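Okay, so here's the structure we're looking at.
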Amino acid sequence: MQKVSSFDLKKWWDSVVEEVIRFPLYMMGKPFKAFSDIKYEGRGSMPACVFFMVMLMLLSVLRQSYTGTVFVEVDPRFMNIWTVMAGVFVQTILLVAANWSVSVLTNGSGSAREIFMVAMYAQYPFMWLSALYLVLSHVLSLNEAALLTFCLALGVVCMLFYGFIGIVSVHGFGFFQGIASVVLTLIALVIIIFIILLLVMMVSELGAFLTTVWEEIVLHYF
């Protein structure tokens, strides 16, 4: 029994290394093949992508809380950890929802699951560069701030580059279809955010109206 348990643990660890380290590095070297493998070969891992999401949320908090004093932009005393983490989560979900809604209209073949995996694997370089930013902020001086800016800028460029390749691969789009998909995704994202804000305002107004009605009832009848 002990031998079987040890074998299972080793198998689990190998799987973790494969999905969290080897496959993302393979994706960085051969993005077209890697994203095609996600769609057609079943490679990639949802648990790994969820892990990346959690890491991005934590790194976002750490960048705002523990960035070197010289480079700090937000006073940690006035930062809400849960708001920062929710912001990363909501941004990702809205982007996935926007791209999926556009893919339905443009005959894209990617599922919401595949789009989410693309979004997470595309941010793998950004995750490591964010960690590097955090470390360097405690070592560099203000005169070397350009290096920190370069780290985050490179992370964003890599994220956009791999994200575009991933979207083209999972949807089966050509280059210009991919460009059109990105533009339509941004438009859809704006529409979704507008609808959400409109609903929030309507609910807020309804809540205020019901509160006023209740206060009037209590005032006149109790």
Side-chain angles (χ1 to χ4, degrees), residues 11-12 14-57 59-60 85-130 154-199:
K11 184 177 180 180
W12 174 82
D14 288 343
S15 176
V16 170
V17 172
E18 170 65 24
E19 301 300 342
V20 176
I21 299 177
R22 291 175 185 163
F23 183 72
L25 292 177
Y26 171 71
M27 178 275 301
M28 292 174 63
K30 299 181 178 180
F32 285 101
K33 182 65 169 63
F35 287 121
S36 295
D37 287 348
I38 289 177
K39 183 170 186 63
Y40 299 109
E41 303 294 334
R43 295 193 66 180
S45 167
M46 275 298 289
C49 290
V50 172
F51 172 74
F52 295 151
M53 167 73 81
V54 173
M55 290 302 299
L56 286 166
M57 293 164 67
L59 283 168
S60 181
M85 296 178 71
V88 175
F89 176 79
V90 170
Q91 289 173 22
T92 303
I93 297 304
L94 288 180
L95 278 172
V96 171
N99 187 258
W100 178 79
S101 63
V102 167
S103 71
V104 172
L105 299 176
T106 56
N107 296 320
S109 58
S111 65
R113 176 180 180 275
E114 292 166 349
I115 296 170
F116 175 73
M117 292 178 71
V118 165
M120 290 299 98
Y121 280 114
Q123 294 187 74
Y124 189 78
F126 179 77
M127 182 177 68
W128 285 106
L129 287 168
S130 294
L154 180 60
V156 172
V157 169
C158 289
M159 178 176 61
L160 295 175
F161 174 73
Y162 289 115
F164 178 76
I165 293 177
I167 290 301
V168 168
S169 299
V170 299
H171 288 310
F173 289 156
F175 177 78
F176 292 107
Q177 284 179 302
I179 295 292
S181 176
V182 170
V183 174
L184 291 174
T185 296
L186 294 176
I187 295 173
L189 182 62
V190 172
I191 294 173
I192 291 173
I193 292 175
F194 174 77
I195 293 174
I196 291 175
L197 292 176
L198 185 62
L199 289 174

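No experiment lies behind these values; they were computed from the predicted model shown.
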Looking only at heavy atoms, which two atoms of [X] and [Y] are closest? And how far apart?
{"X": "S103", "Y": "I115", "answer": "OG-CD1, 4.5 Å"}
{"X": "W100", "Y": "A112", "answer": "CD1-N, 3.6 Å"}
{"X": "C49", "Y": "F116", "answer": "CB-CE2, 3.7 Å"}
{"X": "V182", "Y": "F164", "answer": "CG2-CD1, 3.9 Å"}
{"X": "S169", "Y": "F35", "answer": "CB-CB, 3.7 Å"}
{"X": "A188", "Y": "S101", "answer": "CB-OG, 4.1 Å"}

Distance (rounded to the nearest 0.5 Å) between [X] [atom1] and [Y] [atom2]:
{"X": "M120", "Y": "S45", "atom1": "CE", "atom2": "OG", "result": "13.0 Å"}
{"X": "M57", "Y": "T92", "atom1": "CE", "atom2": "OG1", "result": "9.0 Å"}
{"X": "I167", "Y": "L95", "atom1": "CD1", "atom2": "CG", "result": "9.5 Å"}
{"X": "L59", "Y": "W128", "atom1": "CG", "atom2": "CH2", "result": "9.0 Å"}
{"X": "I193", "Y": "Q91", "atom1": "CD1", "atom2": "CD", "result": "8.5 Å"}
{"X": "F194", "Y": "L198", "atom1": "CZ", "atom2": "CG", "result": "5.0 Å"}

So, S36 side chain and V170 main chain: donor-acceptor pair closer than 3.5 Å or not?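 Not a single qualifying donor-acceptor pair exists.
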
Any Lys/Arg nitrogen of K33 or E41 sitting under 4.0 Å from an Asp/Glu carboxylate oxygen of the other?
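So K33 does not pair with E41 through a salt bridge.
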
Taking the six-membered ring for Trp, are Y26 and F23 parallel (under 30°), tilted (30 to 60°) or perpendicular (over 60°)? tilted

Applying the side-chain contact (heavy atoms from CB on, under 4.5 Å) criterion to H171, which one of T106, N99, V102 satisfies it?
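Between H171 and the candidates, side-chain contact (heavy atoms from CB on, under 4.5 Å) is satisfied uniquely by N99.
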
Worksheet item: Quick one: are the ring centres of Y121 and Y162 less than 6.0 Å apart?
Response: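 No, they do not, as the ring centres are separated by 6.0 Å or more.
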
Exactly one candidate in E18, E19, E114 meets salt bridge (Lys or Arg N to Asp or Glu O under 4.0 Å) with R43; the answer is E18

Indicate yes or no: at least one non-hydrogen side-chain atom of [X] is less than 4.5 angstrom from one of [Y].
{"X": "F32", "Y": "I165", "answer": "yes"}
{"X": "I196", "Y": "L94", "answer": "yes"}
{"X": "M127", "Y": "F52", "answer": "yes"}

- Task: For side chain to side chain contact (heavy atoms under 4.5 Å, CB included), just list the numbers for F126 and L56, CA-CA rounded to whole Å, side-chain angles, deciding distance to a tenth of an Å, and then say yes or no.
- Result: CA-CA 9 Å; F126 179 77; L56 286 166; 4.0 Å; yes

